[in-house]
Structures are given as C-alpha cells and as structure tokens.
Amino acid sequence: MRMKKLQSILQIIRNLLLYEWTDKRVIMGFLAGMAVPLYWLKNFLDYAAGTGEPVNILEAFVVVEHEYKSVMFLVLGWFLMVSDAPFINGNTYYSLCRTGKRSWNMTMVLYLLVQGAIYTAGVALPMVIMSLPCGFAGKMWSDPVYLLSQDYTMSQSAKYGISFLQRDMMRSMNMPKAFLATALCFFLYVVLMGLILYTGNLLLGGIWGIVAAFIVHAGGFGLRFLGFGRLALAEYACPGNFAEAGGMHLTGPVAVMALLAAALVVIQCCLIDKVDFKEQVHVQE
C-alpha cells in the first residue's frame, strides 16, 4: 500500500513537472536565472583577464553568488517559476483522491525541492561552462581570486564591478567544497523562499504568498544595509558570511534554513484540511 502511494506521489511530481515546463512563465523564470548572473560573470572574467592568470572553473559561481547584489536578482527568476503555487490544474482533484490532502501537500513540497535543484543547476552550470576557456580544474583557488579577497580598498571592485572579500572561506575550504557549500546554501534559500510563497498562496489565496516571500527576500537587504545582516535570510544564502579565522561554520545557516522550511511544512500539514480547493480552482480558471 505504501509502495503504491509512493508511486502515485512520484507520478504526480512527474506529471506536474511536464505540465509546468510547458508554461512560458516557468521557462522565462529559468532563463532569467541563467541570464541574470551573466552581468557579474562578465565582470569577473574581465577582472581575471586583466590579471593575466587563469581561474578555477568553479570559482565564478562562488564569487558571483557571494556578490550580495547578485543574490537579490538571482532569486527573481525563481519567484517567476513558482509564482503559480499551489500549482492547481485540471488533475488536482484526481491527485487529491489518490493521495489525500496531506500527502498531496508533501508532494508539492517535494516538487519544490526538485524545481529548486533544477534552478540551482541552471544558475551554476552555465557559469562553469563559460569559465572553461580561461580556467582550470582542481582543488586550488586561483591567484586572481586570492588577490580579489585582499581588495579591502575596493579598488578592483570599483574598476571591474566585482568583489569577493571571503579570505576566511578560502582558508577553510578548497574550491570544490566551497562550490558545493555555495550550491547547497543557495538551493536551501530558494526552496525556503518557494515554501514561503507556496504556504501563503495555499492558505491565504491570491498573491499573498508571493508578496510575503518578496518582502522577506527584499527585506533582508534592508536589514543588511542597517547593519543587522545576521537577521537577514538572504545572508544565509552565502556560506562565506559564516566563515571566520577559526574555520567555516556551515552548520548554522543550513540548520536555520532547514528548520524554517520544516516549520512551514508543519504549518501546511496542520492547516491543509481547511483549504478550499474548489475556490483555488476557481481562482486559477
């Protein structure tokens, strides 16, 4: 019986992926996620070319994702991809009959995890590919990035429009580990934003979810500007913010984002029985 329900859940996720990826909104959001980093990527590659030294092909994603301005825009494509939450379509009633409300809700959460992984890959891999002509593979950080991490006068930032003051991160992690840590934190952050959006839209209807997610996301940069960076969830998307001379404290940001995501799922499960899906379908139509 459990195996049959698992098969139903996987089938619903598969069908929803196929359905959503025929939507121009999802395709545009994904393409935006690929295109937005190109501005900072070009700045980084111009800087590397100016030094005359090669860079590690994994460094571009790490450097660009730690440019705090880029994170603000990188997530906008994700908002576009999942703005249609809770993903009601003509098959929803059939899916609810097969799985029940709570299982259907967990299916939507799993769907967000899958889409989050796809979006993260769509952001990171193009930067790796575009770094191939001027890069090398390996565990070592490059000299250009090391010099950039020492640019406390921000002279290179002013000249090339890119910064990376993450010397402690470079001391604590080799390049592949830093790449994976950055991808993990970015993935958890977009999934958390997606869960906020999904929970708001599911329980409150209308556009309340996307409004709440955008306020949390954009508000993080306001808090950073006011000097309360550790209270800003956007800071948790960049693992370098949690590196110190004594080492990398990756457990903190991962645990905070995972616990907040779990809390949202618990809220969904507690209140899902009160959701009027007939009204949701009417809104979608």
Side-chain angles (χ1 to χ4, degrees), residues 1-2 4-17 19-20 23 25-26 29 75-76 78-119 187-220 223 231-234 236-237 253-285:
M1 189 69 176
R2 289 182 178 179
K4 183 173 291 188
K5 178 167 282 192
L6 177 61
Q7 290 176 345
S8 297
I9 289 173
L10 293 176
Q11 185 66 33
I12 292 169
I13 293 174
R14 175 182 175 276
N15 292 341
L16 186 56
L17 282 169
Y19 178 84
E20 287 286 299
D23 193 317
R25 167 187 50 78
V26 175
V75 180
L76 297 184
W78 171 248
F79 283 156
L80 187 58
M81 282 184 68
V82 298
S83 61
D84 202 34
F87 316 111
I88 303 295
N89 58 52
N91 295 322
T92 299
Y93 281 144
Y94 177 63
S95 300
L96 286 167
C97 291
R98 290 170 62 189
T99 62
K101 281 187 175 183
R102 293 191 179 184
S103 293
W104 176 87
N105 180 68
M106 291 305 300
T107 302
M108 297 302 104
V109 172
L110 291 174
Y111 166 77
L112 284 173
L113 290 171
V114 173
Q115 284 285 51
I118 293 172
Y119 188 76
F187 164 74
L188 290 174
Y189 182 72
V190 297
V191 169
L192 180 57
M193 291 299 104
L195 285 171
I196 292 173
L197 188 155
Y198 167 72
T199 304
N201 283 0
L202 177 70
L203 302 180
L204 302 176
I207 61 170
W208 290 109
I210 194 167
V211 169
F214 185 79
I215 289 174
V216 172
H217 176 60
L223 289 171
L231 299 177
L233 284 178
Y236 291 75
V254 170
V256 168
M257 289 189 286
L259 287 173
L260 288 174
L264 288 170
V265 174
V266 170
I267 292 172
Q268 295 162 13
C269 291
C270 291
L271 300 179
I272 187 70
D273 290 334
K274 297 181 180 180
V275 176
D276 186 350
F277 283 95
K278 291 182 179 180
E279 183 178 341
Q280 295 274 9
V281 171
H282 177 71
V283 171
Q284 291 291 326
E285 292 176 348

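Please read all numbers here as calculations on a predicted model, not as lab measurements.
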Asker: Please report the closest heavy-atom contact between Val75 and Met193, naming both atoms and the distance.
Answerer: CG1-CG, 4.4 Å
Asker: Locate the shortest heavy-atom distance separating Val191 from Gly116; write the atom from each residue and the value.
Answerer: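 Taking every non-hydrogen atom into account, CG2-CA, 4.3 Å.
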Asker: Is the shortest distance from a Lys or Arg side-chain nitrogen in Arg25 or Asp84 to a carboxylate oxygen in the other one below 4.0 Å?
Answerer: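 The answer is yes: the pair qualifies as a salt bridge.
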Asker: Given Tyr236 and Leu192, is the side-chain contact (heavy atoms from CB on, under 4.5 Å) satisfied, shown in steps?
Answerer: CA-CA 11 Å; Tyr236 291 75; Leu192 180 57; over 6 Å; no
Asker: Please find the pair of heavy atoms, one from Ala232 and one from Gly220, that lie closest to each other, and give the distance.
Answerer: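 Heavy atoms only, the tightest pair is CB-O, 3.1 Å.
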Asker: For Pro86, does its backbone N or O pair with a side-chain atom of Asn201 as donor and acceptor, under 3.5 Å?
Answerer: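 Not a single qualifying donor-acceptor pair exists.
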Asker: Are the side chains of Ile12 and Met108 in contact, using a 4.5 Å heavy-atom criterion?
Answerer: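 SC-SC contact between Met108 and Ile12 confirmed.
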Asker: Would you check if Thr107 and Leu10 make a side-chain contact, meaning some heavy-atom pair closer than 4.5 Å?
Answerer: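 With C-beta onward as the side chain, the pair stays apart.
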Asker: Taking all heavy atoms of Leu195 and all of Ala261, pick out the closest pair and write down the distance.
Answerer: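 Heavy-atom minimum between the residues: CD1-CB, 3.5 Å.
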Asker: Rounded to the nearest 0.5 Å, what separation is found between the CG atom of Leu202 and the CG atom of Leu197?
Answerer: 11.0 Å
Asker: Using the side-chain contact (heavy atoms from CB on, under 4.5 Å) rule, take Asp273 and Lys101 through it: C-alpha gap first, then chi angles, then the decisive distance, then the call.
Answerer: CA-CA 7 Å; Asp273 290 334; Lys101 281 187 175 183; 4.0 Å; yes
Asker: Is the Phe79 ring parallel, tilted or perpendicular to the His217 ring (thresholds 30°, 60°)?
Answerer: perpendicular
Asker: Give, for atom CG of Asn15 and atom CD of Glu20, the distance between the pair rounded to the nearest 0.5 Å.
Answerer: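 If we round to the nearest 0.5 Å, Asn15:CG and Glu20:CD are 12.0 Å apart.
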Asker: Quick check: does any side chain N or O of Trp208 sit under 3.5 Å from a backbone N or O of Gly200, one acting as donor and the other as acceptor?
Answerer: no
Asker: Quick one: closest heavy-atom pair of Leu17 and Ile118, and the distance?
Answerer: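 Smallest interatomic distance, heavy atoms only, reads CD2-CD1, 4.5 Å.
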Asker: What distance separates Asn105 CG from Ile272 CD1, expressed to the nearest 0.5 Å?
Answerer: 4.5 Å
Asker: Step by step, work out the side-chain contact (heavy atoms from CB on, under 4.5 Å) result for Leu264 and Tyr198.
Answerer: CA-CA 10 Å; Leu264 288 170; Tyr198 167 72; over 6 Å; no
Asker: Is it true that Phe87 and Tyr111 have ring centroids separated by less than 6.0 Å?
Answerer: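 Ring-ring flag for Phe87/Tyr111: true, centres closer than 6.0 Å.
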Asker: Ile210 and Ser83: which non-hydrogen atoms are nearest, and at how many Å?
Answerer: CD1-CB, 3.8 Å
Asker: Is there a side-chain contact between Gln268 and Val109 (heavy atoms, below 4.5 Å)?
Answerer: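 Counting from C-beta outward, Gln268 and Val109 do come under 4.5 Å.
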Asker: Kindly indicate whether the side chain of Leu76, heavy atoms from C-beta on, has any atom under 4.5 Å from the side chain of Phe214.
Answerer: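 Of all side-chain heavy-atom pairs linking Phe214 with Leu76, at least one is under 4.5 Å.
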